[in-house]
Amino acid sequence: MIGLGGGGFNQFFEKAFPGATLESVELDPKVFELAQQYLGFKVTDRDSVKILDGRMFLRHSQTIYDWIILDAFRGGFVPPHLKTVEFYKLAQSHLAPDGLFVANVHTNSSLFASDIRTTRQVFPQLGIFDVAETNNAILVAANFKTPTFEQITARVNDLSFNQVFRRNVDPAAAAKAFHPSAPDLNKDAPILTDDFAPTEFLDAVKTTRPGH
């Protein structure tokens, strides 16, 4: 998990997936301090935190992950070096063959189209969760071609989730909110690279998604 925030996801994750281990990377030590002091977050053997830039952490890590989750907003922006082809290739190199890369993105600017095009340069499948009544969406990129997202969502009711997960998430409703193929909003949107990532400029150009 790149970006700790208040640690709310971590606390849910520990209970929903009791057999799993979560490593979080947070750049700002004050965020880590506040999450522990005011929001009930506690470090455990299964839920650790490193104070470090997420990309630097991955560069030096030898670990292969089932999921890598990016939710690292700073002042309303995800830092540009966490949005490029090179970063996504680095993340992909740390994913298991059936692994998923998940990113929280803004949808109300031209940057969204670049986010989609850039992620597609690296991962075989890219789907999207709509987040109702917000200007956010969750991109889900797969490190595999098969099974397809369509096949996975078709059998969501057969998947095993514990009671904590089901009290907080309705799998059938989540499947309906998931689009197995992220839309091509603008085929001319720039692909973001370490050499060219005008994220602040693109984010300044506000847009409205079709149907929103």
Side-chain angles (χ1 to χ4, degrees), residues 1-3 23 25 27 52-74 76-131 135-153 177-212:
M1 178 85 175
I2 300 176
E23 283 186 287
V25 188
L27 183 63
L52 195 66
D53 173 76
R55 182 164 173 172
M56 183 174 293
F57 174 84
L58 282 177
R59 189 181 301 155
H60 295 286
S61 174
Q62 301 298 315
T63 304
I64 300 298
Y65 297 98
D66 297 303
W67 298 356
I68 295 177
I69 303 170
L70 175 64
D71 190 15
F73 285 90
R74 287 183 64 81
F77 295 93
V78 173
H81 70 290
L82 299 178
K83 280 185 167 288
T84 65
V85 168
E86 291 85 352
F87 169 70
Y88 294 143
K89 286 181 177 179
L90 174 64
Q92 185 185 45
S93 73
H94 286 277
L95 282 175
D98 60 350
L100 296 172
F101 176 85
V102 181
N104 182 8
V105 297
H106 287 161
T107 62
N108 63 337
S109 75
S110 294
L111 181 57
F112 183 44
S114 284
D115 283 332
I116 290 173
R117 287 201 70 208
T118 304
T119 311
R120 274 215 173 99
Q121 297 298 304
V122 177
F123 293 98
Q125 295 189 75
L126 180 64
I128 182 173
F129 278 104
D130 275 323
V131 182
N135 290 317
N136 288 65
I138 307 299
L139 296 183
V140 182
N143 199 26
F144 52 86
K145 292 182 179 179
T146 57
T148 65
F149 281 150
E150 287 90 345
Q151 291 169 326
I152 294 171
T153 54
F178 183 69
H179 304 281
S181 180
D184 280 321
L185 299 175
N186 180 359
K187 294 182 179 180
D188 296 322
I191 294 168
L192 306 175
T193 67
D194 285 352
D195 291 331
F196 184 70
T199 55
E200 291 191 23
F201 171 78
L202 291 168
D203 193 63
V205 182
K206 298 303 177 183
T207 61
T208 301
R209 290 177 60 195
H212 286 67

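Small disclaimer: the values here were computed from a predicted structure and weren't measured.
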**Those residues that, when tested against His106, pass ring pair (Phe, Tyr, Trp, His ring centres under 6.0 Å) (two or more places apart)** = Phe73
When the side chains of residues 137-147 are checked against the rest of the protein, which donor-acceptor pairs come out under 3.5 Å, sequence neighbours left out?
| residue | atom | partner | partner atom | Å |
| --- | --- | --- | --- | --- |
| Asn143 | OD1 | Gln92 | NE2 | 3.1 |
| Asn143 | ND2 | Ala96 | O | 3.1 |

**Item:** Nearest-0.5 Å distance, OG1 of residue Thr84 to CZ of residue Phe196
**Value:** 13.0 Å
**Request:** Could you tell me which residues satisfy side-chain contact (heavy atoms from CB on, under 4.5 Å) with Leu27, sequence neighbours excluded, listed by chain and number?
**Result:** Asp53, Arg74
**Message:** Quick one, Phe77 and Leu111 - any side-chain contact, counting heavy atoms below 4.5 Å?
**Reply:** no
**Prompt:** Any side-chain heavy-atom pair from Leu202 and Leu192 closer than 4.5 angstrom?
**Reply:** yes
**Message:** Check this for me: Lys206, atom NZ, are more than 12 non-hydrogen atoms of other residues, nucleotides or ligands nearer than 6.0 Å?
**Reply:** yes
**Prompt:** Residues in salt bridge (Lys or Arg N to Asp or Glu O under 4.0 Å) with Arg55, at least two apart?
**Reply:** Asp194
**Asked** At their closest point, which heavy atom of Thr119 faces which heavy atom of Tyr88, and how far apart are they?
**Response** OG1-CE1, 3.6 Å
**Asked** Do Ser109 side-chain atoms and Thr207 backbone N/O form a donor-acceptor pair below 3.5 Å?
**Response** no
**Asked** Is Gln121 reaching over with its side chain to a backbone N or O of Ile191, donor-acceptor style, under 3.5 angstrom?
**Response** no
**Item:** Verdict with reasoning, Met56 to Val25, per side-chain contact (heavy atoms from CB on, under 4.5 Å)
**Value:** CA-CA 10 Å; Met56 183 174 293; Val25 188; over 6 Å; no
**Message:** Measuring only between side-chain heavy atoms, which start at C-beta, is Lys83 closer than 4.5 Å to Val105?
**Reply:** yes
**Message:** Working to the nearest 0.5 angstrom, can you tell me the gap between Asn104 CG and Leu70 CG?
**Reply:** 8.0 Å
Output side-chain donor-acceptor pairs under 3.5 Å for residues 58-66, partner residues at least two apart or in another chain, one line each.
| residue | atom | partner | partner atom | Å |
| --- | --- | --- | --- | --- |
| Ser61 | OG | Thr63 | N | 3.0 |
| Tyr65 | OH | Glu23 | OE1 | 2.6 |

**Request:** Measure the acute angle between the ring planes of Phe123 and Phe101, then classify it against the limits of 30° and 60° as parallel, tilted or perpendicular.
**Result:** parallel
**Message:** Donor-acceptor check, side chain of Ser114 to backbone of Pro190, threshold 3.5 angstrom: yes or no?
**Reply:** yes
**Prompt:** How would you list, by chain and number, every residue that makes a side-chain contact (heavy atoms from CB on, under 4.5 Å) with Glu150, sequence neighbours excluded?
**Reply:** Thr148, Pro180
**Item:** Shortest non-hydrogen contact from Thr193 toward Glu86
**Value:** CA-OE1, 3.4 Å
**Asked** When you look at Ile152 and Phe178, which way does the side-chain contact (heavy atoms from CB on, under 4.5 Å) test go after all the steps?
**Response** CA-CA 11 Å; Ile152 294 171; Phe178 183 69; over 6 Å; no
**Prompt:** What closest approach, in Å, do Lys89 and Val122 show between heavy atoms, and which atom pair accounts for it?
**Reply:** CG-CG2, 3.9 Å
**Fill in**
Minimal heavy-atom distance between Ile116 and Pro183, with the atoms involved, is CD1-O, 3.4 Å
